[in-house]
Enquirer: 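I am attaching a structure below and will ask some questions about it afterwards.
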Amino acid sequence: MVLTIDDKELAYLVAKLPLKTKKFEDHVKELLEILHFEKKGYESQFEDPEHRLWRIRHILDKLILHSASLESYASIFSIVEKARPDECYHLAAQSFVSYSFEDEFSTINTNINGTHFILSAIKKKAPECKFYFAASSEMFGLAKETPQNENTPFHPRSPYGISKVTGFHLTQNYKEAYGIFACNGILFNHESPRRGFEFVTRKISNEVGKIKLGLSKELRLGNLEAKRDWGLANEYVRAMWLMLQQNEPDDYVIATGETHSVREFVELAFDHLGLDWEKYVIIDDKLYRAAEVYHLCGNYSKAKKKLGWEPEVNFRDLVKIMVDADLERLQKRL
Ligand code: F7E
């Protein structure tokens with residue numbers, strides 16, 4: 001079972017992993033139940049597949065979709081009871097850090113309660129189910145050391161980061177108190193052409209493509225000096241799956257070990273299309289965050305040792321993959 005609000009990671013779980021691991025392919029063919037949460041309320045139905053589910057349109061006939069609300073224990077409980085999952089990937093959350101400053105109560109309530117409801121339902125109705133929680137590098141926030149590993153103390157800087165710290169502890173507590181096979185994946189930023197347009201990498205790759213094609217004249221950004229450890233989402237999803245194939249549950253940092261600024265991403269993206277970024281980028285104070293996370297860099301040595309996981313795509317290639325994909329998509333629409 002995969003719990004998600006958007007279908008980005010889901011698409012990779014289903015579409016990418018089978019190419020690499022036969023066992024996962026069999027698993028998917030056997031049964032893949034997807035608990036697909038709507039953002040608001042349980043009255044809403046699935047959106048038209050042309051829109052929200054575009055990333056998994058090609059495999060919709062292989063999936064069983066359930067609609068539920070992260071805010072309703074009853075709705076989650078009844079689906080866990082019906083599906084009785086073997087594995088549960090909990091990716092559902094309000095995940096846009098910037099928005100969490102504007103709507104802190106919703107972000108904190110939905111993200112924390114949603115995680116708690118799912119864990120409780122699993123404890124009661126599927127105690128053998130292996131559980132994955134999408135923790136986040138945002139938990140490190142104003143990081144106490146560099147690079148960050150599984151033992152680095154947390155100092156979250158946003159309501160989103162706070163909600164993830166609590167989810168992390170809930171996951172650990174259900175493991176320790178109730179014996180649930182529960183893992184935290186502390187994933188650093190993972191990007192791809194399926195990324196939402198509100199996140200900075202996709203905003204840049206999309207806008208630079210539009211500028212190249214004469215569809216846009218400027219790109220407005222906030223803090224160019226913030227640094228992130230950016231990897232390719234496909235590879236990170238494979239790490240998520242590996243965590244649930246181990247004999248014992250554990251927590252893992254998944255990262256590349258490299259850090260780059262937003263400015264570097266911008267420079268490479270524009271340079272890749274032969275453009276001078278300084279002619280187009282406008283700094284907009286409104287896009288700065290109330291409290292910024294300035295510098296993140298992950299140490300993935302535990303994942304390498306125990307899961308045999310390592311990233312393959314570097315920063316430069318990631319930028320090219322995203323810019324090329326957006327340019328191609330935009331060209332087709334012209
Ligand atoms: O911001 C700066 C911004 O929104 C990255 C989520 O998936 O990864 C993601 O969180 C940086 C920040 O991602 C703009 O200030 C500058 O320093 O792409 P982002 P994020 O906040 O790092 C973690 C691991 C998660 O768990 C989250 O769910 O870029 N920045 N100018 C900007 N950011 C945005 N969005 N838009 C700008 O115009």
Side-chain angles (χ1 to χ4, degrees), residues 4-6 8-9 12 39 90-103 107-108 110-111 114-115 133-143 147-148 152 154 156-168 184-192 194-208 216 218-233 236-237 239-240 252-256 259-267 269 277 280-298 300 315 318-319 322:
T4 176
I5 281 181
D6 91 16
K8 172 171 55 72
E9 281 100 346
Y12 285 126
K39 266 185 182 141
H90 172 32
L91 316 176
Q94 191 305 94
S95 67
F96 187 30
V97 175
S98 203
Y99 180 71
S100 79
F101 289 107
E102 287 166 40
D103 194 1
T107 301
I108 285 179
T110 308
N111 290 2
T115 303
F133 176 61
S136 165
S137 53
E138 282 295 301
M139 301 188 306
F140 297 123
L142 211 57
Q148 297 86 47
T152 302
F154 300 141
R157 292 272 281 173
S158 63
Y160 170 80
I162 292 166
S163 76
K164 287 290 173 180
V165 170
T166 304
F168 175 94
N184 283 297
I186 309 174
L187 271 54
F188 282 60
N189 297 51
H190 40 292
E191 317 292 318
S192 83
R194 289 174 176 158
R195 190 54 143 154
F197 292 93
E198 68 272 39
F199 298 96
V200 77
T201 53
R202 187 74 197 279
K203 184 174 174 182
I204 297 166
S205 65
N206 181 49
E207 285 302 319
V208 75
S216 177
E218 62 178 42
L219 166 58
R220 303 187 85 83
L221 290 171
N223 185 2
L224 293 188
E225 308 316 326
K227 288 186 164 173
R228 290 291 184 276
D229 180 331
W230 276 297
L232 184 69
Y236 285 42
V237 169
M240 287 162 39
Y252 297 91
V253 160
I254 302 299
T256 69
T259 186
H260 296 275
S261 65
V262 175
R263 180 188 296 273
E264 283 174 84
F265 197 106
V266 168
E267 280 169 3
W277 71 275
Y280 304 99
V281 172
I282 294 170
I283 302 304
D284 186 339
D285 290 346
K286 291 198 287 298
L287 294 170
Y288 274 68
R289 292 185 179 172
E292 178 64 279
V293 169
Y294 298 107
H295 185 280
L296 290 175
C297 182
Y300 66 89
F315 176 69
L318 173 68
V319 177
M322 293 186 71

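Start at 1 and go down the list; that is how both ligands and their atoms are numbered. Count residues from 1 along the sequence. A quick note: this is a predicted structure, and the numbers were derived from the prediction, not measured. Keep in mind that the numbers below use all heavy atoms, side chains included, and drop hydrogens, waters and symmetry copies.
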Enquirer: If you count the atoms of ligand 1 from 1 in the order shown, which ones are under 4.0 Å from a heavy atom of Leu287?
Expert: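 Numbered from 1, ligand 1 contributes 38 (O).
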
Enquirer: Under 3.5 Å between some N or O of ligand 1 and some N or O of Ser95?
Expert: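 Yes, at least one N or O pair falls under 3.5 Å.
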
Enquirer: Please identify which atoms of ligand 1 are closer than 4.0 Å to at least one heavy atom of Ser136.
Expert: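 Contacts of ligand 1 toward Ser136, numbered from 1: 23 (C), 24 (C), 25 (C), 26 (O).
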
Enquirer: So which protein heavy atom does atom 12 (C) of ligand 1 come closest to, and at what separation?
Expert: Arg228 NH2, 3.4 Å

Enquirer: Within ligand 1, which atoms have a heavy atom of Val97 less than 4.0 Å away?
Expert: 10 (O), 21 (O)

Enquirer: Could you tell me the separation between the OG1 atom of Thr259 and the CD atom of Gln148, rounded to the nearest 0.5 Å?
Expert: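 So the OG1 of Thr259 and the CD of Gln148 are separated by 8.5 Å.
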
Enquirer: Just to confirm my output: which protein heavy-atom neighbour is closest to atom 31 (N) of ligand 1, and how far is it?
Expert: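 For atom 31 (N) of ligand 1, the nearest protein heavy atom comes out as Gly222 N, 2.8 Å.
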
Enquirer: Do the side chains of Thr115 and Phe168 get nearer than 4.5 Å, heavy atoms only?
Expert: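 Phe168 vs Thr115: side chains apart.
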
Enquirer: What protein heavy atom sits nearest atom 21 (O) of ligand 1, and how far away is it?
Expert: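 Sorting protein heavy atoms by distance from atom 21 (O) of ligand 1 puts Arg289 NH1, 2.6 Å first.
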
Enquirer: Distance to 0.1 Å, residue and atom name: give those for the protein heavy atom nearest to atom 14 (C) of ligand 1.
Expert: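 Checked against all protein heavy atoms, atom 14 (C) of ligand 1 sits closest to Val200 CG2, 3.5 Å.
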
Enquirer: Give me the residue, atom name and distance of the protein heavy atom closest to atom 7 (O) of ligand 1.
Expert: Arg195 NH2, 2.9 Å

Enquirer: Between Phe315 and His260, what is the ring plane arrangement, given parallel below 30°, perpendicular above 60°, and tilted in between?
Expert: parallel

Enquirer: How many angstroms lie between atom CZ of Phe133 and atom CG of Leu91, to the nearest 0.5 angstrom?
Expert: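 Those atoms lie 10.0 Å apart.
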
Enquirer: Is there side-chain contact between Asn189 and Arg228, with at least one heavy-atom pair below 4.5 Å?
Expert: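 Yes, at least one pair of side-chain atoms sits under 4.5 Å.
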
Enquirer: Could you find the nearest protein heavy atom to atom 38 (O) of ligand 1 and give me its residue, atom name and distance?
Expert: Lys203 NZ, 2.7 Å

Enquirer: Report yes or no: does a heavy atom of Ser98 sit under 4.0 Å from some atom of ligand 1?
Expert: no

Enquirer: Note the single closest protein heavy atom to atom 20 (P) of ligand 1, along with its residue, its atom name and the distance in Å.
Expert: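 Scanning the protein heavy atoms, the shortest distance from atom 20 (P) of ligand 1 goes to Asn189 ND2, 3.7 Å.
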
Enquirer: Could you go step by step and tell me if Glu191 and Arg202 meet the side-chain contact (heavy atoms from CB on, under 4.5 Å) rule?
Expert: CA-CA 8 Å; Glu191 317 292 318; Arg202 187 74 197 279; 5.9 Å; no

Enquirer: Tell me which part of Tyr288 gets within contact of ligand 1: side chain, backbone, both or neither, using heavy atoms under 4.0 Å.
Expert: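 Within the 4.0 Å criterion, Tyr288 makes no contact with ligand 1.
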
Enquirer: Can you measure from CZ (Phe140) to CZ (Phe154) and round to the nearest 0.5 angstrom?
Expert: 5.5 Å

Enquirer: How long is the span from the CD1 atom in Ile254 to the CG atom in Leu187, to the nearest 0.5 Å?
Expert: 6.0 Å

Enquirer: Could you check atom 15 (O) of ligand 1 against the protein and tell me its nearest heavy-atom contact, residue, atom and distance included?
Expert: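 Sorting protein heavy atoms by distance from atom 15 (O) of ligand 1 puts Glu292 OE2, 2.6 Å first.
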
Enquirer: For the residue pair Phe199 and Phe96, does the interplanar ring angle fall in the parallel (under 30°), tilted (30 to 60°) or perpendicular (over 60°) class?
Expert: perpendicular

Enquirer: Pick one of side chain, backbone, both or neither for how Leu187 approaches ligand 1, counting any non-hydrogen atom pair under 4.0 Å.
Expert: backbone

Enquirer: Within this structure, what is the CZ-NZ distance for the pair Arg220 and Lys203, rounded to the nearest 0.5 Å?
Expert: 9.0 Å

